[in-house]
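No hydrogens, no waters, no symmetry mates; every other heavy atom, side chains included, goes into these values.
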Amino acid sequence: MSAPTLSFSDDQASAWDQIAELLAQAGVDLTEGLCLPAKDARRATLAVMGKAGSGKTMLLAGLTRALREAGVEIVSGEYESRKRRDRRSLAVLAPTNKAASVLRARGVPATTIHRILYTPVYDPEYERIAEWLTGNLPRPTIEGLTETALDRAKAFYEQVNSIPGALAAAGLRGADFITGWKRREDPLDIGFVDESSMLDARQLEDLQELFATLVLFGDPAQLAPVGQSGEMVFDRLPERDRLMLSRIHRQVKGNPILDLAHALADPDLRFEEFEARVAEAATRDERVVLAERVDSDLMARSPVLVWRNATRLRLINAFRRAHHAPETELLPGEPLICDGLELPLKHRKKRIDLEARGLIKGAQVVYLGAGRRTGFSRLHIFGADEPQISVASIIKIETDPEEEPFIPYAATMGAAFVHGAACTIHKAQGSQWPEVQVFAPDLYAAARSGRSEADIPLWKRLAYVAITRAEHRLHWVIRNRLARPRAALTTDDLAAPATPLTLSAAPDAG
């Protein structure tokens, strides 16, 4: 079984061969590019582990392309045509919308775990359009839609392989053709899961139940999910099912951000020595900045990463004061983070709808302004397919960790948000930004605490995760200060019409 004609390192090529062998058992021959009947019904889970720069994403992308070329059907979570017995299915997943959007930016058709666990229910009439677009039915005649509208849908689908996008091009809204969401009933064949260090045991069980063949891609140096005692889900797999990519790929060698991240593996490295390395890197490469204070302008789109919750609140309130934000309302352009959904059980269907639109816990959004209805807010969701919506919101402005938050906007139920100018490093896992500010005084405090996680000093795990969130530039902030804004908050970079997302008062029949 041969490795692909890509410039893989030896350990990547070895991992490719082991994964290809596993996929052959699932009925996909990557060597010949064929889909065949599965050799056995054995369910299997394999983990591909490696630190930042080891080529996990490159391997995932190459495997996805090879599977697609072999005729495997990519399941996106937005629409699935009737399953054919001779086809194998693949879904590429990430725990958050932001993590999925990072993959999509690299050409990998990724979606969230939630969008695969729950599938949309299409109105039967409009489903005929979807089946026509996917080549399973002849061109339909739909009451209320002109031939020109169908032509627009066809032209869009040929350019962008998206059923909701094609139906929108025909003049339809999501509420017209999606009647609800249901828990997936039919299993899928192959699942690739990126950022699997963020998974908890329950999520892994759900995925193993859904996919006959599951491949996890994860970074063992990141922070484990809260409540798992420093253990990640792939730590529990048998050693034969864990593949380690140890060589740093040549495309990222010499990247000062990754050089700093990998320096943290030195067991004798102390915090002061590491900060000296940051300072030295800043003198020779503009991709590393030793900052005397927090840049408030960057906070509007990229949160400052901190360890302690008290630090998070101090920076958020300093950011709001610097922009002269009123205590009782938000300014358009202020960043928020989804803190979950506050909905009664009878609105389970609406919860699924909100989550499918991207409002899952940890989602990063920007406040665009008040909605037309009381308690509604217009928001831009980073990483979502349809980023701008109007939704019932419960927005919490925290000022003191010992006090209840002030709530300037509140519907009776809906999506809850906290401010997003700063966030904890734990919450930042799975996300990346072009520029990232790391609040070093908090990491120094973690170093002084002497705490460890899985026998690794906590400050090193925190620093590793925080540093590797930066795509192009790292700002290592060494002082507890905030620079004045150079510009007022704006939403001009997010301009697009918001689509309403309402909450029905009727109980969920499911």
[X] (side chain) donor-acceptor with [Y] (main chain) under 3.5 angstrom:
{"X": "Ser196", "Y": "Phe217", "value": "yes"}
{"X": "Ser296", "Y": "Ala483", "value": "yes"}
{"X": "Ser14", "Y": "Asp10", "value": "no"}
{"X": "Arg106", "Y": "Thr57", "value": "no"}
{"X": "Arg469", "Y": "Val465", "value": "yes"}
{"X": "Glu209", "Y": "Asp206", "value": "no"}

For [Y], is there an ion pair with [X] - N to carboxylate O distance below 4.0 angstrom?
{"X": "Asp295", "Y": "Arg486", "value": "yes"}
{"X": "Lys460", "Y": "Asp266", "value": "no"}
{"X": "Arg284", "Y": "Glu280", "value": "yes"}
{"X": "Asp285", "Y": "Arg287", "value": "yes"}

[X] side chain near [Y] side chain, heavy-atom distance below 4.5 Å:
{"X": "Leu482", "Y": "Arg321", "answer": "no"}
{"X": "Ile478", "Y": "Val278", "answer": "no"}
{"X": "Arg473", "Y": "Val288", "answer": "no"}

Approximate separation, where rounding is to 0.5 Å, of [X] [atom1] and [Y] [atom2]:
{"X": "Thr45", "Y": "Arg242", "atom1": "OG1", "atom2": "CZ", "result": "13.0 Å"}
{"X": "Glu334", "Y": "Arg320", "atom1": "CD", "atom2": "CZ", "result": "4.0 Å"}
{"X": "Met198", "Y": "Leu223", "atom1": "CE", "atom2": "CG", "result": "10.5 Å"}
{"X": "Trp433", "Y": "Arg301", "atom1": "CH2", "atom2": "CZ", "result": "13.5 Å"}
{"X": "Gln12", "Y": "Ser54", "atom1": "CD", "atom2": "OG", "result": "7.5 Å"}

query: Who are the ring pair (Phe, Tyr, Trp, His ring centres under 6.0 Å) partners of His475, not counting sequence neighbours?
result: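 Applying ring pair (Phe, Tyr, Trp, His ring centres under 6.0 Å) to His475 gives none.
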
field: Side-chain H-bond candidate by donor/acceptor type, Gln364 with Ser431, under 3.5 Å
entry: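 Yes, a side-chain donor-acceptor pair sits under 3.5 Å.
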
message: Can you give me the closest heavy-atom contact between Val438 and Ile467, atom names plus distance?
response: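 Closest heavy-atom pair between Val438 and Ile467: CG2-N, 4.5 Å.
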
field: Ile395 versus Ser377, closest heavy-atom pair with distance
entry: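 Nearest pair, atom of Ile395 first, then Ser377: CD1-OG, 3.6 Å.
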
- request: Over 60° means perpendicular and under 30° means parallel, so classify the ring planes of Phe271 and Trp459, tilted if in between.
  value: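 It falls in the perpendicular class, over 60°.
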
query: Among Arg314, Arg448, Arg308, Arg312, which one satisfies salt bridge (charged side-chain N to carboxylate O under 4.0 Å, His left out) with Asp442?
result: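 Answer after filtering Arg314, Arg448, Arg308, Arg312: Arg308.
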
query: Do you know which of Asp339, Val365, Ile397 makes side-chain contact (heavy atoms from CB on, under 4.5 Å) with Phe417?
result: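 By the side-chain contact (heavy atoms from CB on, under 4.5 Å) criterion, Phe417 pairs with just one of Asp339, Val365, Ile397: Val365.
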
